Amino acid sequence: MANVLITGGAGFIGSHLSELLLQGGMRITVLDDLSTGRRDNIKKFQENNLFKFIEGSILDNELVNKLVQDADIIYHLAAALHVKLILEKPLSALETNIHGTENVLRAAKKRKVKTFIASTSEIYGKNTKQGLDEEDDRILGSPLKTRWGYASAKGIDELFAYLYFKEYGVPIVIARLFNTVGPRQTGQYGMVVPRFVSQALQGEDITVFGDGKQKRCFLHVQDALAAITMLMSNEQAVGKVFNIGNEEEISIEDLAKKIIMMTGSLSRIVYIPYEKAYPDGFEDMQRRFPSVDRLWKLTKWKPTMKIDQILESVIASARL
Ligand code: UDP
């Protein structure tokens with residue numbers, strides 16, 4: 001039976017991944033420092049004797065080494081990743097995202113453990129191309145604008161992973177996730193879908209930042225997991241990077257309207273200028289539209305859920 005280590009396994013995507021792999025009969029160890037991950041997310045697995053939770057940090061080199069010694073597969077999802085967190089604690093976010101990944105890769109190197117590296121669509125920065133592909137240029141603002149710290153750190157992580165593959169033969173797979181949403185995601189750190197849903201359900205104003213014309217493509221976490229696990233079981237994915245996202249776009253303003261309609265809420269939309277919504281050092285992206293051709297060619301994966309179904313799932317779980 002495969003021993004799987006999931007860093008960040010108490011987080012939003014990590015806890016769904018833990019659940020899926022446990023259902024598949026795998027033995028799971030979750031390493032999470034509970035900075036943004038939550039005990040609640042993994043509560044229901046605690047009784048399962050295939051599941052083990054270790055509260056600790058990916059910055060703890062000794063602990064990471066020890067856990068990787070017993071692992072056959074690693075899913076490295078732990079990161080400081082929410083816009084709010086990155087703007088409020090930019091230095092610790094940078095350290096976690098760079099040194100944490102380095103620790104995981106260094107530990108994986110000894111036994112060449114297969115390692116999934118979670119990256120992000122932030123990598124592309126301000127590139128507004130419709131159908132961003134993995135080889136497209138990254139357009140980033142000044143590194144001293146804190147928002148770009150995340151994209152910079154994840155860029156370094158990807159390069160580390162790629163070089164551990166090239167130089168040491170560590171079988172890594174990198175995926176750039178585009179706006180993944182679903183049950184258990186919290187709006188606490190700014191993520192737009194859970195935020196709007198909770199505002200709508202509570203009858204609060206829906207806070208659209210800027211003019212709301214910026215667009216995003218939202219992907220349901222279950223579709224993301226299908227892609228991640230397909231990639232990890234495909235030998236041809238090793239050493240490569242893949243976009244995982246939905247090719248259906250919606251503006252943030254339309255998202256707000258849709259959520260109001262679907263929840264039957266009496267909430268109003270309020271437009272908040274960026275300077276009021278975010279601290280200094282913030283620049284928003286106007287658009288982030290993936291091409292998933294590379295992934296499709298290898299695995300025939302396509303997302304199964306469109307925006308209405310995705311929002312239904314988030315709204316239903318928020319109502320529980
Ligand atoms: N956003 C918004 N109101 C909120 C939270 C976010 O209008 O209460 C906007 C945000 O400025 C961005 C988009 O929604 O344009 C997506 O934000 P999120 O933080 O979810 O993801 P990302 O910016 O990383 O795509």
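Fair warning: this is a prediction, and the values are worked out from it, not measured in the lab. Every number for a ligand or one of its atoms is a count from 1 in the order of the listing. Hydrogens, waters and symmetry mates play no part in the numbers below; they use all other heavy atoms, side chains included.
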Checklist line | Sub-4.0 Å heavy-atom contact, R287 with ligand 1 | finding: no

Next item on the list: Look at atom NZ of K126 and say whether more than 12 heavy atoms of other residues, nucleotides or ligands are closer to it than 6.0 Å.
Entry: yes

Item checked: Numbered atoms of ligand 1 (with element) below 4.0 Å of M191, judged on heavy atoms -> 20 (O)

Next item on the list: Note the single closest protein heavy atom to atom 18 (P) of ligand 1, along with its residue, its atom name and the distance in Å.
Entry: V192 N, 4.0 Å

Next item on the list: Taking only heavy atoms of E122 into account, list the atoms of ligand 1 that are under 4.0 Å away from them.
Entry: 24 (O)

Next item on the list: Tell me, please, which residues at least two apart from K129 pass side-chain contact (heavy atoms from CB on, under 4.5 Å).
Entry: N127, L132, D133, D136

Notebook entry, point to check: Under 4.0 angstrom from ligand 1, any heavy atom of M285?
Noted result: no

Checklist line | Nearest non-hydrogen protein atom, atom 9 (C) of ligand 1 | finding: Q214 NE2, 4.0 Å

Checklist line | Numbering as shown, the atoms of ligand 1 that approach G190 to under 4.0 Å (heavy-atom distance) | finding: 5 (C), 6 (C), 19 (O)

Next item on the list: Measure the distance from atom 8 (O) of ligand 1 to every protein heavy atom, then report the residue, atom name and distance (to 0.1 Å) of the closest one.
Entry: R195 NH1, 2.7 Å

Notebook entry, point to check: Can you list the ligand 1 atoms lying under 4.0 Å from a non-hydrogen atom of N179?
Noted result: 21 (O), 22 (P), 25 (O)

Next item on the list: Evaluate the criterion side-chain hydrogen bond (donor to acceptor under 3.5 Å, both in side chains) for residue pair S317 and R184; output intermediate values, then yes/no.
Entry: CA-CA 8 Å; S317 80; R184 291 191 205 138; over 6 Å; no

Checklist line | Within reach of ligand 1, part of Q185 (heavy-atom separation under 4.0 Å) | finding: neither

Notebook entry, point to check: Quick one: nearest non-hydrogen protein atom to atom 15 (O) of ligand 1, plus distance?
Noted result: D284 OD2, 2.6 Å

Item checked: D157 vs Y162, side-chain hydrogen bond (donor to acceptor under 3.5 Å, both in side chains): CA-CA, chis, key distance, verdict -> CA-CA 9 Å; D157 286 352; Y162 181 64; over 6 Å; no

Check: What protein heavy atom sits nearest atom 22 (P) of ligand 1, and how far away is it?
Finding: R288 NH1, 3.6 Å

Notebook entry, point to check: Does any N/O atom on V208 come nearer than 3.5 Å to any N/O atom on ligand 1?
Noted result: no

Item checked: Residue, atom name and distance, where the atom is the protein heavy atom closest to atom 7 (O) of ligand 1 -> F209 N, 2.7 Å

Checklist line | Pair D284-R216, salt bridge (Lys or Arg N to Asp or Glu O under 4.0 Å): steps then yes or no | finding: CA-CA 11 Å; D284 201 8; R216 293 293 187 273; 3.0 Å; yes

Checklist line | Ring geometry between F116 and Y75 (parallel below 30°, tilted from 30 to 60°, perpendicular above 60°) | finding: tilted

Note to self: Below the 3.5 angstrom mark, is there an N/O of Y274, backbone or side chain, next to an N/O of ligand 1?
What the structure shows: no

Item checked: All pairs passing ring pair (Phe, Tyr, Trp, His ring centres under 6.0 Å) where residues 199-218 contributes a residue, at least two apart -> F209-Y278

Check: Does even one non-hydrogen atom of F196 get within less than 4.0 Å of ligand 1?
Finding: yes

Next item on the list: Flag the pair R106 and E102 as a salt bridge only when some basic side-chain nitrogen lies within less than 4.0 angstrom of an acidic carboxylate oxygen.
Entry: yes

Note to self: Assess the residue pair Q188 and R195 against the criterion (side-chain hydrogen bond (donor to acceptor under 3.5 Å, both in side chains)); give the C-alpha distance rounded to whole Å, side-chain angles, the decisive distance to 0.1 Å, and a yes or no.
What the structure shows: CA-CA 7 Å; Q188 203 181 336; R195 242 187 138 203; over 6 Å; no

Notebook entry, point to check: Is it the case that more than 12 heavy atoms not belonging to K302 sit under 6.0 Å from its NZ atom?
Noted result: yes

Check: Atom CD in E312, atom NZ in K306: separation rounded to 0.5 Å?
Finding: 14.0 Å

Margin query: Which residue and atom name correspond to the protein heavy atom nearest atom 10 (C) of ligand 1, and how close is it?
Written below: Y278 OH, 3.4 Å

Next item on the list: May I ask you to identify the nearest protein heavy atom to atom 13 (C) of ligand 1, giving residue, atom name and distance to one decimal place in Å?
Entry: I252 CD1, 3.7 Å

Next item on the list: Would you check whether Q199 reaches within less than 4.0 Å of ligand 1, judged by its heavy atoms?
Entry: no

Next item on the list: Write down the atom of A107, the atom of V64, and the distance for their closest heavy-atom approach.
Entry: CB-CG1, 4.1 Å

